[in-house]
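Treat the numbers as computed from the prediction; the structure is a model and nothing was measured. Along the sequence shown, residues carry numbers from 1.
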Amino acid sequence: MSGTQSNNFYRPDIDGLRALAVSLVVYYHAFPDTLKSGFIGVDIFFVISGYLIGSIILRHLSVHKFSFLEFYVRRIVRIFPALLLVLFSVLVAGKFLLFTSEYRMLGKHIAGGAGFVANLVYYFESGYWDLNSSLKLLLHLWSLGVEEQFYIVIPLILAFAWKRKYNLLSIIVVLFILSFCCNLYFYYQKERELIFYMPFTRFWEIFAGVLLAYHSVFSIKFFQIAGQKADRFLCALFNKKSEEHNRICLQNILAILGFSLLIISILICKHRNFPGHRAIWPVLSAVLIISAGQTAWLNKKILSHKILVGIGLISYPLYLWHWPLLSYCKILQGNFLEPNFWLLVRIVCIALAMILAILTYCYVERPVRFGKGNKNRISCILSVLMFAMFITGMYIYYNGHVFYSSNSQSFKVETMTIGKDRDKSILAYAPEAKKLAIARFHNVHSDKTVAVIGDSHAQSAFPGIAERCAQLNMNSVLLKYRFESARDNAEREIVLDILKSKKDIKHVFIFLRGVVYLTGKDHDSGNTNSFIKDFNLLLQDTINTLQGFGKKVHIVSENPVYPVLPLFYLSRQISFKKFISPAHEEYLNQFTVKENVYEHQKNYLSMLQGLEGAEIINGLDVFCPHDACLPYDENQMLLFYDDDHLSVYGSQYLVKNLLEPYLVKIADENDK
């Protein structure tokens, strides 16, 4: 993405490949419904960066002229100018466009981007494809973090190995294999976010480019001989003359294969199964296209075309600018506009990103990189500025009232993540839980435990329950319990076995998205696959089973569900909301009317009242204290982090205003 080509071996076709990569990414981010695999452009960037940086390091090592200082100075003057400009611009815009709490979170992301650890920051937050990912203004900097972490490691490894006269090729191959194996291992462990963000699961893509660079610098004998034989065979097959130093037949075949694999990658790569083994295809396509060389017909006529080369030259600032522009438009509720109007807004965003990228390249990037100033001094100034940006971001995040945005409204929206955030003490409490997708145990070393079971609604309600239970000196456990598939049936059996064996659990709270299971749809989804036949009988059977274990069962009814993200209902000083048609706004507002919410859920509430052996806790009045069921409280604090899941604050609100007497009563039972 940010790799550098030395003037001594500049290849215009690589800039053309950069253009294809950035175009895929930008188009995917702007129009995700029409190109669902455009994210593979990042994998192509990784290969390009590995090849270019690997070539620079290996060429300098081969003539004993490699300098760490020179290497990092070149990286700084290449990366820092455009990045500083974008970070500063996003920060200034946020001052006027974001709510205070949004601005505070932006400070954290600014620090992550300036410190080149954005990938780690986002890993410990929610996933790349979660509902709120498009609202994170600097999410795209995760890939820059991976690259820069690689650039810290690779010069040290290669220079050390060269000095000690170790076999460089063997070291590169081993590191490539180790990283790829980590990628596959965590892929099959279903750690999707880990393999997406972590450097050690991504480095193999960059090492693929380094391997190609090694061959271009030192010529691996096996590939040299194999290439000669393959070229002679192909030339004979196509009745062409084979030339020793210009293997045009082989080069053209490699380019054709590379472009073919690129098309296949676009067709087969899906974001929910990526990277994993599917990342092989875009990586291999980039390797083949680069190895084909600039004299291959496709590389020479297409990738070296001046339009693609021009886009390739501005690909780095274009990548930096496009996502914040799109993200700001969505934060300002542009996606609620009439579809054609929203399409126009996104097109304008991409056009503006192109203009800003050109201006950044011409008036910021080139003067710094190729100007006559002392590069060491310039790099020191840039480093100080980047450090200042990092400190500013951290200050805003931890204590930023001085820099808080001009939007006075604030909200708190946090989520409890799945998998990587699972409390490992659950395994000591219940070893069977390792087979569950969601299982947590909040241990305060009590002889009383409250169990929370259900689907994702149970997960989002758990933080507040766990916090209050701890205050009441009770443990709490969260266990995934769903009815939707045969696999869920196996997980339910595990949960029931745990509950049966744990005598310290006397009370079980059940949270389920009952309206969806009963009707097959809800305001935010028309997915009829969610319908569960005989849902009421399955739920009654669960109650009977738990009663048989000596448990007291409490079922908490469904909370309100909205057709859009709750941020829509908060008023901003500047937004696209004023352009939303009154009819559409009225349509969205009808879902907050208390009478409508009760009408929508009446069949589910009626079904709950017909169950035997469970205490039904109706929570709608808590979220609808007056005539409206708004997704925030009287202090503008968001109760939901998406259209139907409680935020951490929302779960605390639920406990305080509804579940408090139940938990206190359970705690008192423990004292008797």
Report, as yes or no, whether the 6.0 Å neighbourhood of atom NZ on Lys108 holds more than 12 heavy atoms from other residues, nucleotides or ligands.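 Yes - once you tally the heavy atoms of other residues, nucleotides and ligands closer than 6.0 Å, there are more than 12.
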For Gln590, look at atom CD and say whether over 12 heavy atoms of other residues, nucleotides or ligands are found less than 6.0 Å away.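 Yes - once you tally the heavy atoms of other residues, nucleotides and ligands closer than 6.0 Å, there are more than 12.
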Verdict with supporting geometry, Tyr481 and Ile494, side-chain contact (heavy atoms from CB on, under 4.5 Å): CA-CA 9 Å; Tyr481 193 89; Ile494 295 172; over 6 Å; no
Show the atom names and distances, to 0.1 Å, of all donor-acceptor pairs under 3.5 Å that link a side chain in residues 543-550 to residues at least two apart or in another chain.
{"unit_1": "Asn544", "atom_1": "OD1", "unit_2": "Gln540", "atom_2": "NE2", "d": "3.0"}
{"unit_1": "Asn544", "atom_1": "ND2", "unit_2": "Gln540", "atom_2": "O", "d": "3.3"}
{"unit_1": "Thr545", "atom_1": "OG1", "unit_2": "Asp541", "atom_2": "O", "d": "2.8"}
{"unit_1": "Gln547", "atom_1": "NE2", "unit_2": "Gly613", "atom_2": "O", "d": "3.1"}

Report the C-alpha separation of Val622 and Asn559 in whole Å, then their side-chain angles, then the decisive distance to 0.1 Å, and conclude whether the side-chain contact (heavy atoms from CB on, under 4.5 Å) test is met. CA-CA 9 Å; Val622 171; Asn559 52 252; over 6 Å; no
What about the rings of Tyr562 and Phe640, do their centers lie closer together than 6.0 Å?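 Yes; Phe640 has its ring centre under 6.0 Å from that of Tyr562.
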Would you call the rings of [X] and [Y] parallel, tilted or perpendicular if under 30° counts as parallel and over 60° as perpendicular?
X	Y	answer
His645	Tyr641	parallel
Phe623	Tyr653	tilted
Phe196	Trp142	tilted

Looking only at non-hydrogen atoms, find the nearest pair between [X] and [Y] and report the distance.
X	Y	result
Ala614	Ile555	CB-CD1, 4.0 Å
Ile350	Val26	CD1-CG1, 3.4 Å
Val477	Phe462	C-CE1, 3.6 Å
Glu615	Tyr662	OE2-CE2, 3.2 Å
Tyr649	Leu638	CD2-O, 3.6 Å
Ala461	Leu654	CB-CD2, 4.4 Å

Going by an N to O cut-off under 4.0 Å, is there a salt bridge joining Lys448 and Asp504?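 Looking at Lys448 and Asp504, the cut-off is not met.
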Got a salt bridge between Arg468 and Glu660, using NZ or NE/NH1/NH2 to carboxylate O under 4.0 Å?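 Between Glu660 and Arg468 there is a salt bridge, with a charged N closer than 4.0 Å to a carboxylate O.
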Working to the nearest 0.5 angstrom, can you tell me the gap between [X] [atom1] and [Y] [atom2]?
X	Y	atom1	atom2	result
Leu479	Ile453	CG	CD1	7.5 Å
Asn536	Met607	CG	CE	6.0 Å
Tyr517	Arg513	OH	CZ	8.0 Å
Leu106	Leu87	CG	CG	9.0 Å
Leu608	Asn603	CG	CG	11.0 Å
Lys95	Ile396	NZ	CD1	8.5 Å

Give me each pair satisfying disulfide (SG to SG under 2.5 Å) with a member in residues 546-592, each pair once, sequence neighbours excluded.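 As it turns out, there is no disulfide (SG to SG under 2.5 Å) pair with a partner in residues 546-592 once direct neighbours are skipped.
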Can you pull out every disulfide (SG to SG under 2.5 Å) where at least one residue sits in residues 556-619? Sequence neighbours excluded, please.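 Residue pairs passing disulfide (SG to SG under 2.5 Å), neighbours aside: none found.
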Any luck finding a side-chain donor-acceptor pair between Tyr598 and Asp621 under 3.5 Å?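 Side chains of Tyr598 and Asp621: pair found under 3.5 Å.
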State, without any angle test, whether His442 and Asn475 hold a side-chain donor-acceptor pair at a distance under 3.5 Å.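 Not at all, the side chains of His442 and Asn475 share no donor-acceptor pair under 3.5 Å.
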Taking the side chain as everything from C-beta on, heavy atoms only, tell me whether [X] gets closer than 4.5 Å to [Y].
X	Y	result
Phe591	Pro563	yes
Glu493	Asn489	yes
Phe509	Leu663	yes
Tyr103	Phe96	no
Tyr123	Leu120	no
Lys506	Ile666	no
Phe535	Leu512	yes
Leu605	Leu620	yes

Quick one: does [X]'s side chain have a donor or acceptor within less than 3.5 Å of a partner on [Y]'s backbone?
X	Y	answer
Ser647	Gly650	yes
Ser557	Gly619	yes
Ser501	Asp497	yes
Lys594	Cys624	yes
His457	Asp644	yes
His140	Leu320	yes
Glu102	Phe99	yes
Tyr28	Pro32	no
Lys502	Tyr429	yes
Thr449	Ser476	no

Could you pull out all residues at least two apart from Ala118 that satisfy side-chain contact (heavy atoms from CB on, under 4.5 Å)?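 With neighbours one apart ignored, the set is Tyr122, Leu141.
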Answer yes or no: is the gap between the SG atoms of Cys349 and Cys329 smaller than 2.5 Å?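 No, no disulfide: SG-SG not under 2.5 Å.
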Apply side-chain contact (heavy atoms from CB on, under 4.5 Å) to the pair Ile505 and Val450, showing each step before the final yes or no. CA-CA 6 Å; Ile505 298 176; Val450 172; over 6 Å; no
Run the salt bridge (charged side-chain N to carboxylate O under 4.0 Å, His left out) test against Arg346 and tell me which residues pass, sequence neighbours left out.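 Once residues adjacent in sequence are excluded, Arg346 has no partner under the salt bridge (charged side-chain N to carboxylate O under 4.0 Å, His left out) criterion.
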Counterpart residues, salt bridge (charged side-chain N to carboxylate O under 4.0 Å, His left out), relative to Glu586 (two or more places apart):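 None.
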Would Lys552 and His554 satisfy side-chain contact (heavy atoms from CB on, under 4.5 Å), going step by step from the backbone distance to the final call? CA-CA 7 Å; Lys552 179 69 181 294; His554 313 265; 3.6 Å; yes
